[in-house]
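Have a look at the structure below, then the notes.
Atoms considered below: every heavy atom in the structure, side chains included; atoms not considered: hydrogens, waters and symmetry mates. To find a chain, count down the sequence lines: A is the first, B the second, and so on, and within it residues start at 1.
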2 protein chains.
Amino acid sequence: MTGSTPEGRRKRHLPTADELRLWRDYIETAEILRSELASRLQSESSLSTGDYGVLLALSEARERRMRSSELAAAIGWERSRLSHHLGRMERRGLIRREECVTDSRGAEVVLTPTGADAFRSASIPHLRAIRELFVDALTPEQLVAAGEVAATLRRHLGSPSGA
Amino acid sequence: MTGSTPEGRRKRHLPTADELRLWRDYIETAEILRSELASRLQSESSLSTGDYGVLLALSEARERRMRSSELAAAIGWERSRLSHHLGRMERRGLIRREECVTDSRGAEVVLTPTGADAFRSASIPHLRAIRELFVDALTPEQLVAAGEVAATLRRHLGSPSGA
DNA sequence: GGTACATAATTGACACGTCAATCAGTTGGC
DNA sequence: GCCAACTGATTGACGTGTCAATTATGTACC
């Protein structure tokens with residue numbers, strides 16, 4: 001759209017104004033969506049999306065308990081982040097930490113009844129919100145396209161990159 | 001893709017497993033990208049993306065100064081968020097706050113030479129990173145598709161929604 | 001001109017994230 | 001058995017974000 005020597009800048013140059021606008025649209029839209037979902041979840045359930053992710057992983061775990069590092073891997077968080085977050089969740093009674101029998105360095109994170117209840121009542125409204133704000137907003141073709149874009153971007157991130 | 005009674009669930013139901021996966025891909029990819037860009041900017045320039053946005057807006061402003069609330073509107077931040085952020089940036093000498101002549105409630109935010117330098121040297125590498133991680137990763141068609149997805153999602157967010 | 005209301009901006013409290021440092025316990029080599 | 005290196009997890013410091021309350025002006029209306 002910007003035109004101007006489309007071959008003159010193959011790689012090695014800066015994004016055009018149009019490209020930059022697309023980038024901003026992309027990243028800001030995702031951010032708005034994230035924040036809208038978070039705020040609905042918060043007001044409906046007093047849970048953050050972080051809480052939700054932790055509770056979801058624990059709900060699906062055998063005996064509703066997991067080693068702390070397993071949990072971190074499952075939800076893709078750094079250990080330190082999880083540790084801080086679990087501290088806050090423990091204060092609110094959503095989870096409990098127990099010493100690990102097989103490795104006394106380790107900790108096991110256990111879902112409490114309170115936590116299980118909170119997750120149960122948050123779950124349906126949260127999924128509905130995802131459907132309403134994301135899935136229902138897009139045509140099936142757009143959904144597929146969004147998936148391909150995401151997959152392509154991730155593939156590109158993982159590779160050594162053309163730098 | 002999941003198939004199974006495509007008409008049986010028009011609205012009012014929960015996302016399918018496939019739809020949920022698409023949602024997660026979408027939101028997590030954006031998050032990874034955001035965080036990669038932020039970390040590059042940080043290590044190359046000691047600026048956060050927040051700093052960058054503020055400096056960009058000020059760079060483009062007449063006399064490199066703006067009323068605080070104008071600035072907030074320009075970058076789409078809440079006033080309180082900006083206030084906290086400006087406090088941190090002022091401590092680092094990137095901006096300065098001056099009293100406003102025409103309205104003594106107001107504050108004017110001024111770009112310092114230090115801030116201008118920081119922005120100048122951050123700018124090119126940052127734009128290059130955007131090109132490398134986002135623009136160059138996608139085909140032109142995918143870029144357009146990403147733009148349409150973003151626009152559609154925002155339009156949907158703005159409307160009273162089908163709830 | 002004074003009271004009521006709106007507006008500009010800041011503040012405090014607290015949740016969240018990252019990084020570097022720390023602590024405790026395990027493991028491998030000798 | 002013992003020391004070094006590794007690993008699981010926590011901690012502290014600090015930047016970032018949100019919400020509610022506050023401070024200080026401006027403005028309108030009587």
Side-chain angles (χ1 to χ4, degrees), chain A residues 28 31-32 34-43 45-55 65-110, chain B residues 28 31-32 34-43 45-54 65-110 118:
Chain A
E28 284 168 11
E31 167 58 20
I32 293 171
R34 191 204 54 69
S35 120
E36 175 66 20
L37 256 301
S39 124
R40 292 193 186 198
L41 184 58
Q42 183 67 237
S43 64
S45 324
S46 301
L47 293 179
S48 68
T49 54
D51 298 334
Y52 187 86
V54 168
L55 295 177
R65 64 172 56 223
M66 271 177 121
R67 285 291 293 274
S68 185
S69 43
E70 263 184 285
L71 179 51
I75 60 184
W77 284 10
E78 289 184 15
R79 251 95 107 28
S80 142
R81 178 179 177 187
L82 181 60
S83 201
H84 284 299
H85 204 95
L86 290 179
R88 292 186 294 263
M89 292 182 73
E90 193 165 27
R91 278 208 304 275
R92 294 190 287 148
L94 298 170
I95 57 109
R96 205 161 13 89
R97 281 191 269 207
E98 291 181 1
E99 291 181 3
C100 178
V101 208
T102 66
D103 184 339
S104 15
R105 287 168 304 186
E108 278 201 328
V109 186
V110 188
Chain B
E28 283 167 13
E31 167 59 19
I32 292 171
R34 191 203 55 68
S35 120
E36 176 65 21
L37 257 302
S39 125
R40 291 193 187 197
L41 184 59
Q42 183 68 236
S43 63
S45 324
S46 301
L47 293 179
S48 68
T49 55
D51 299 334
Y52 186 86
V54 168
R65 65 171 56 224
M66 270 177 122
R67 286 290 294 274
S68 184
S69 43
E70 264 184 284
L71 179 51
I75 59 183
W77 283 11
E78 287 185 15
R79 251 95 103 31
S80 141
R81 178 179 176 186
L82 181 61
S83 201
H84 283 299
H85 204 94
L86 290 179
R88 293 185 295 264
M89 292 181 74
E90 194 165 28
R91 279 208 304 275
R92 294 190 288 148
L94 298 170
I95 56 110
R96 207 162 12 90
R97 279 191 272 206
E98 291 181 1
E99 290 181 4
C100 177
V101 207
T102 66
D103 185 338
S104 17
R105 287 170 304 186
E108 279 201 327
V109 186
V110 187

Measure the distance from CZ on A/R97 to C1' on D/dA9 and round it to the nearest whole Å.
-> 9 Å

Under 3.5 Å, which donor-acceptor pairs do the side chains of residues 81-92 of chain B form with other protein atoms, sequence neighbours left out?
unit_1: B/H85; atom_1: ND1; unit_2: B/R88; atom_2: NH2; d: 3.2
unit_1: B/H85; atom_1: NE2; unit_2: B/D51; atom_2: N; d: 3.4
unit_1: B/H85; atom_1: NE2; unit_2: B/D51; atom_2: OD1; d: 2.7
unit_1: B/E90; atom_1: OE1; unit_2: B/R97; atom_2: NE; d: 3.1
unit_1: B/E90; atom_1: OE1; unit_2: B/R97; atom_2: NH2; d: 3.4
unit_1: B/E90; atom_1: OE2; unit_2: B/R97; atom_2: N; d: 3.0
unit_1: B/R92; atom_1: NH1; unit_2: B/S46; atom_2: O; d: 3.2
unit_1: B/R92; atom_1: NH2; unit_2: B/D51; atom_2: OD1; d: 3.0
unit_1: B/R92; atom_1: NH2; unit_2: B/D51; atom_2: OD2; d: 2.6

Identify, with sequence neighbours excluded, every residue that meets side-chain hydrogen bond (donor to acceptor under 3.5 Å, both in side chains) alongside B/R34.
-> B/E31

Set of side-chain hydrogen bond (donor to acceptor under 3.5 Å, both in side chains) partners for A/Q42, sequence neighbours left out | none

Earlier contact from the 5' end, DNA chain C, for A/T102 and A/R88 = A/R88

Taking 5' to 3' order, which nucleotide of DNA chain C is first and which is last to have an atom within less than 4.0 Å of a heavy atom in chain A?
-> C/dA15 to C/dT26

The side-chain contact (heavy atoms from CB on, under 4.5 Å) partners of B/S43 (sequence neighbours excluded) come to none

Does a nitrogen or oxygen in the side chain of A/S69 sit under 4.0 Å from OP1 or OP2 of D/dA9?
-> yes

Those residues at least two apart in sequence (or on a different chain) that pass salt bridge (Lys or Arg N to Asp or Glu O under 4.0 Å) with A/E78 are none

Residues in salt bridge (Lys or Arg N to Asp or Glu O under 4.0 Å) with A/E70, at least two apart?
-> none

d(NE2, B/H85; C1', D/dC14) in whole Å | 13 Å

For every nucleotide of nucleotides 18-25 of chain D, 5' to 3': is a protein heavy atom under 4.0 Å from its base (B), only from its sugar-phosphate (S), or from neither (-)?
-> BBB---BB

Using a cut-off of 4.0 Å on non-hydrogen atoms, how would the nucleic acid contact of B/R92 be classed: base, sugar-phosphate, or nothing?
-> nothing

Want to settle it: does A/G50 or B/R67 sit nearer the 5' end of DNA chain C, counting the closest nucleotide to each?
-> B/R67

With a non-hydrogen cut-off below 4.0 angstrom, is A/S83 in contact with a base, only sugar-phosphate, or nothing?
-> base

With B/R65, which residues qualify under side-chain hydrogen bond (donor to acceptor under 3.5 Å, both in side chains), at least two apart?
-> B/E98, B/E108

